[in-house]
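First the structure, in the form of structure tokens, and then the observations on it.
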Protein chains: 2
Amino acid sequence: MNFEEFKNCGLRRSLDILSGKWKPLIFQNLFEKDEVRFIELWRNMPRVSKKVLSEQLKQLEENHMIQRIEVYNFPPEVYYKLTDKARELGPILDQLHQWGNELAH
Amino acid sequence: MNFEEFKNCGLRRSLDILSGKWKPLIFQNLFEKDEVRFIELWRNMPRVSKKVLSEQLKQLEENHMIQRIEVYNFPPEVYYKLTDKARELGPILDQLHQWGNELAH
DNA sequence: CGGCATCCACATGGATACTG
DNA sequence: CAGTATCCATGTGGATGCCG
């Protein structure tokens with residue numbers, strides 16, 4: 001594999017989608033349920049600002065990993081759910097999780 | 001999974017090890033052979049400076065993903081090879097690669 | 001050859017306040 | 001409630017040069 005191939009290779013694309021400090025935790029939260037409301041997601045990761053959480057969700061949406069579902073209320077209600085393609089990542093992330101837990105530290 | 005658990009969870013650790021612009025390409029090069037010499041590795045990714053390549057290799061070494069083998073010559077010869085633990089990543093990265101290639105783009 | 005030193009550009013994420 | 005706007009600190013990687 002040379003550099004030009006690498007730029008667009010599947011591995012590079014996958015890791016780019018997963019890159020971001022809070023992405024794995026977002027995935028883990030969304031795997032557990034069908035839909036999760038923004039505020040609930042945020043309460044599960046209180047160390048992140050809403051700005052940053054919004055950014056990461058927007059990136060995941062652009063990458064077709066999540067679907068954004070807005071209910072037109074006041075106050076607003078917005079839910080996020082994983083796409084089918086994202087759910088395929090489940091078993092792979094489980095393996096990474098397992099492998100990482102076996103590391104000495 | 002709450003935030004405190006997440007900080008040290010296996011998934012976060014795995015992705016941290018893989019994070020870095022050139023890490024996947026380093027892995028792919030090293031998977032193909034037993035040992036690879038520094039200069040050969042560098043020639044396979046000519047868009048990266050030697051400084052950056054060195055940094056990424058050092059991080060991988062600190063994470064016990066590669067072993068650094070130095071031959072005391074002049075000019076110096078340094079080889080890198082994957083550890084057994086790193087080789088376990090092979091099948092997982094293959095799945096990520098496959099999944100990434102199936103994405104519409 | 002295999003680094004390291006230096007300097008720099010840009011991206012990422014944090015803190016806070018504000019708004020429809 | 002679900003964002004945006006603004007400002008800022010830090011980190012990551014690129015460019016170049018030097019050195020044993």
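All values reported here derive from a predicted model rather than from experimental measurement. Order of the sequence lines sets the chain letters (A, B, ...), proteins ahead of strands, with each chain counted from 1.
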Span of DNA chain C, from the first to the last nucleotide whose atoms fall under 4.0 Å of chain A heavy atoms: dG13(C) to dG20(C)
Whole angstrom is fine here: how far is it from [atom1] in [X] over to [atom2] in [N]?
X	N	atom1	atom2	value
W22(B)	dG13(D)	CH2	P	10 Å
E70(A)	dG3(D)	CD	P	7 Å
I26(A)	dA2(D)	CD1	P	14 Å
L15(A)	dT12(D)	CG	C1'	16 Å
E40(A)	dA2(D)	CD	P	10 Å
R68(A)	dA2(D)	CZ	P	10 Å
L53(A)	dC1(D)	CG	P	14 Å
R47(B)	dT16(D)	CZ	C1'	18 Å

Side-chain donor or acceptor of K51(A) under 3.5 Å from a matching atom on the base of dG3(D)? no
Pick the closest DNA chain C nucleotide for V78(B) and for G20(A) by heavy atoms, then say which residue is nearer the 5' end. V78(B)
Closest-nucleotide mapping onto DNA chain C: is P76(B) or K58(B) further toward the 5' terminus? I mean the 5' end. P76(B)
On a heavy-atom basis, the closest approach of W22(A) and Q56(A) is N-OE1, 3.3 Å
Before you tell me yes or no, could you show the steps for V36(B) and N44(B) under side-chain contact (heavy atoms from CB on, under 4.5 Å), namely the whole-Å CA-CA distance, both residues' side-chain angles and the distance that decides it to 0.1 Å? CA-CA 11 Å; V36(B) 179; N44(B) 283 343; 5.7 Å; no
Just call it for [X]: base, sugar-phosphate, or nothing, with non-hydrogen atoms closer than 4.0 Å on any strand.
X	result
Q59(B)	nothing
Y79(A)	nothing
Y72(A)	nothing

What do you reckon, is CG of D84(B) surrounded by more than 12 foreign heavy atoms closer than 6.0 Å? no
Test side-chain contact (heavy atoms from CB on, under 4.5 Å) on L89(A) and L82(A); report intermediate values, then the result. CA-CA 10 Å; L89(A) 266 183; L82(A) 292 175; over 6 Å; no
Residues E102(A), Q98(A); criterion side-chain hydrogen bond (donor to acceptor under 3.5 Å, both in side chains); working and verdict: CA-CA 6 Å; E102(A) 292 162 6; Q98(A) 173 75 24; 3.0 Å; yes
Does the pair E61(B)/K58(B) count as a salt bridge with the N-to-O cut at 4.0 Å? no
Does some side-chain heavy atom of L53(A) sit less than 4.5 Å from a side-chain heavy atom of I26(A)? yes
